[in-house]
Amino acid sequence: MVSEKSPGVGKGFGRKREKGRHPWTDDPLAYYRKHYGGLTSQEIKKINKPLYNILRKRGLLRALAKKQKIPHPWADNPLKYYKENYPNLSRGKLQHTNVNLYNLLRSLGLLEDVPKKAPNPWVSDPIAYYHKHYPGRTRGQLWAKNRAFYNYLLKNGLIDQIPTKEKKF
């Protein structure tokens, strides 16, 4: 003989939530439109997570408002925007300053209109540059003051034209 009282019966086990308990259970999309129209799914998730979960489970999140995309100021003419806002900025510095504009210019093939890094001022005549900017300095002093210039002279075999010790008169 089976007892009339089964374990768990009458204590709330196995009961389903009553239909209509939440006002959005029957038509969550209509409830959203009435009370939260215009909010995005992420905003609904923060404000009313149970409603968000029902909309998600029923596949209705696509019907919610989309986040408004604000067009970039360079969308129409990125090269013109670059020339007006970043004049003479090199490619590398543009990439660090505004990576989105840099990538757009690159993808459109307009990056060649953006100058590369300016060459060092000593490239055209390094010895004249030395005499103008570092007159009478020794190799050691030049190395301490401008290591890049020193290495350029060393690499190009021009370091012999720089004195090793100060001349005493």
Atom pairs and distances, donor-acceptor, side-chain atoms in residues 110-119, under 3.5 Å, two or more places apart:
none

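- Not one N or O on the side chain of Q161 forms a donor-acceptor pair closer than 3.5 Å with the backbone of L158.
- In terms of modelled atom types and a separation under 3.5 Å, the side chain of N103 and the main chain of V99 share a donor-acceptor contact.
- Under the 4.5 Å side-chain heavy-atom criterion for ILVMFWY residues, a single connected hydrophobic cluster contains both L108 and L101.
- Using a 4.5 Å heavy-atom threshold, the side chains of E84 and K80 count as touching.
- Inter-residue side-chain proximity for L105 and L79 is flagged as met; some heavy-atom pair is nearer than 4.5 Å.
- Across every non-hydrogen atom of Y130 and P163, the tightest pair is OH-CD, 3.5 Å.
- A donor-acceptor distance shorter than 3.5 angstrom exists from the side chain of N85 to the backbone of Y81, with no hydrogens or angles considered.
- From N88, atom CG reaches atom CG of L94 across 12.0 Å, with rounding to the nearest 0.5 Å.
- Annotation: the span from L55 atom CG to K45 atom NZ amounts to 13.0 Å, rounded to 0.5 Å.
- The salt bridge (charged side-chain N to carboxylate O under 4.0 Å, His left out) search around D160 returns R139, not counting sequence neighbours.
- How far CD of Q95 is from OG of S90: 10.0 Å, rounded to the nearest 0.5 Å.
- The distance from the CD1 atom of I127 to the NE2 atom of H131 is 6.0 Å, given to the nearest 0.5 Å.
- The structure places CD1 of I159 at 10.5 Å from OG1 of T164, a figure rounded to the nearest 0.5 Å.
- Sorted by first and then second residue, the ring pair (Phe, Tyr, Trp, His ring centres under 6.0 Å) pairs with a member in residues 28-52 read W24-Y31, Y31-H35; sequence neighbours excluded.
- I162 and L153 make their closest contact through CG1-CD1, 3.9 Å (heavy atoms, listed as atom of the first residue, atom of the second, distance).
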ask   = Can you check side-chain contact (heavy atoms from CB on, under 4.5 Å) on L64 and T40, steps first, answer last?
value = CA-CA 6 Å; L64 304 184; T40 65; over 6 Å; no

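- One finds the NZ atom of K132 at 14.5 Å from the CH2 atom of W122 (value rounded to the nearest 0.5 Å).
- The heavy-atom pair separating D26 from R58 by the smallest distance is O-NH1, 3.8 Å.
- Taking all atoms of both residues into account, the shortest heavy-atom contact from K145 to Y134 is CG-CE2, 3.7 Å.
- For the pair N98 and Y86, the minimum side-chain heavy-atom distance is below 4.5 Å.
- Between D125 and A128 the shortest heavy-atom distance is OD2-CB, 3.1 Å.
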key: Chi angles and distances behind the side-chain contact (heavy atoms from CB on, under 4.5 Å) call for L89, T97   = CA-CA 9 Å; L89 193 67; T97 305; 4.0 Å; yes

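- Side-chain rings of F149 and Y129 approach one another, their centers coming within less than 6.0 Å.
- Looking at every heavy atom in both residues, S107 comes nearest to L104 through OG-O, 2.9 Å.
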